[in-house]
Amino acid sequence: MSWDVLMIRTRTNAEKSLDEIESENIIPLGQTEIAHEIQSISARLRCVYNCDDLSWQSLDSDSWSIEFCVGKDEETQSVMLLIRGGEEPREVFAALAADLNVRLIDGSTGEFICPGKTTSFERWRAYRDQIVNGG
């Protein structure tokens, strides 16, 4: 069970909602571009990465794990992040936004993830804990 976040980059990165994103405004993300960023984040945060398969990359710490569902094509319009664990990987979100000039969309709410703004992570974690603990 994962908390899902969509990563996307547009020419302006100024859309107020997902519905406002026009396909012609999307700047594709490259498989190797994402791999280089994951490796960089791994070095900064001292966590483990796996980019052996460029279509399905991962980044792991003691508190969270992220699978980057990039897809089989060299370039993609968006990447789904499957997040697991007990903590929201805010420092990873900040690095992705700064280094790749991307925006992240909370899959549960459809809203953009912004620094300092509450996401649905805690609600997802409570639901996950309830399911895992049989409640």
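In what follows, every heavy atom counts, from backbone to side chain, and hydrogens, waters and symmetry copies are set aside.
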Do Ser55 and Gln31 pass the side-chain contact (heavy atoms from CB on, under 4.5 Å) test, and can you show the C-alpha distance, the side-chain angles, and the key distance before you say yes or no?
-> CA-CA 7 Å; Ser55 69; Gln31 287 179 329; 4.2 Å; yes
Please assess Arg44 against Glu91 for the test side-chain contact (heavy atoms from CB on, under 4.5 Å), listing each intermediate value before the final yes or no.
-> CA-CA 10 Å; Arg44 280 184 269 171; Glu91 58 279 330; over 6 Å; no
Go through the steps for Gln57 and Asn50 under the test side-chain contact (heavy atoms from CB on, under 4.5 Å), then give the verdict.
-> CA-CA 6 Å; Gln57 304 175 38; Asn50 184 333; over 6 Å; no
Start with the C-alpha gap between Arg84 and Glu67, add the side-chain angles, then the distance that decides, and say whether salt bridge (Lys or Arg N to Asp or Glu O under 4.0 Å) holds.
-> CA-CA 9 Å; Arg84 295 177 179 82; Glu67 294 175 9; 3.3 Å; yes
Does the pair Asp4 and Ser2 meet the rule for a side chain to side chain donor-acceptor pair (under 3.5 Å), with working shown?
-> CA-CA 6 Å; Asp4 301 337; Ser2 64; 2.6 Å; yes
Glu33 and Arg9: salt bridge (Lys or Arg N to Asp or Glu O under 4.0 Å), yes or no, with the steps?
-> CA-CA 13 Å; Glu33 175 185 22; Arg9 176 170 56 194; 2.9 Å; yes
Verify side chain to side chain donor-acceptor pair (under 3.5 Å) between Glu15 and Thr10, making sure each step is shown before the conclusion.
-> CA-CA 9 Å; Glu15 297 84 0; Thr10 67; 3.0 Å; yes
May I have the step-by-step check of ring pair (Phe, Tyr, Trp, His ring centres under 6.0 Å) for Tyr127 and Trp124, ending in yes or no?
-> CA-CA 5 Å; Tyr127 175 71; Trp124 168 81; 8.8 Å; no
With side chain to side chain donor-acceptor pair (under 3.5 Å) as the test, would you mind laying out the steps for Trp64 and Glu88 before giving the verdict?
-> CA-CA 7 Å; Trp64 45 256; Glu88 185 175 342; over 6 Å; no
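When the shell of 6.0 Å around CZ of Arg90 is examined, it contains 12 or fewer heavy atoms from other residues, nucleotides or ligands. No more than 12 heavy atoms of other residues, nucleotides or ligands lie within 6.0 Å of OH in Tyr49, so this atom counts as exposed by the packing criterion. Within 6.0 Å of the CD atom in Glu74, the count of heavy atoms belonging to other residues, nucleotides or ligands does not exceed 12. Within 6.0 Å of CG in Asp62 there are 12 or fewer heavy atoms belonging to other residues, nucleotides or ligands.
Separation of atoms OG1 (Thr76) and CD1 (Ile26) is listed at 9.0 Å; rounding is to 0.5 Å. The CG atom of Leu96 lies 11.5 Å from the CG atom of Asn101; values are rounded to the nearest 0.5 Å. Rounding to the nearest 0.5 Å places CD of Gln77 at 10.0 Å from CG of Leu29. Remark: Leu59 CG to Ser42 OG distance equals 6.0 Å, nearest 0.5 Å.
Closest approach of Gly110 to Leu18, counting heavy atoms only: O-CB, 4.2 Å.
A distance-only check finds no donor-acceptor pair linking the side chain of Asn25 to the backbone of Ile21 [under 3.5 Å]. Side-chain atoms of Asp106 come within 3.5 Å of backbone N or O of Ser120 as a donor-acceptor pair.
Using a 30° and 60° split on the angle between ring planes, Phe93 and Trp3 fall in the tilted class, from 30° to 60°.
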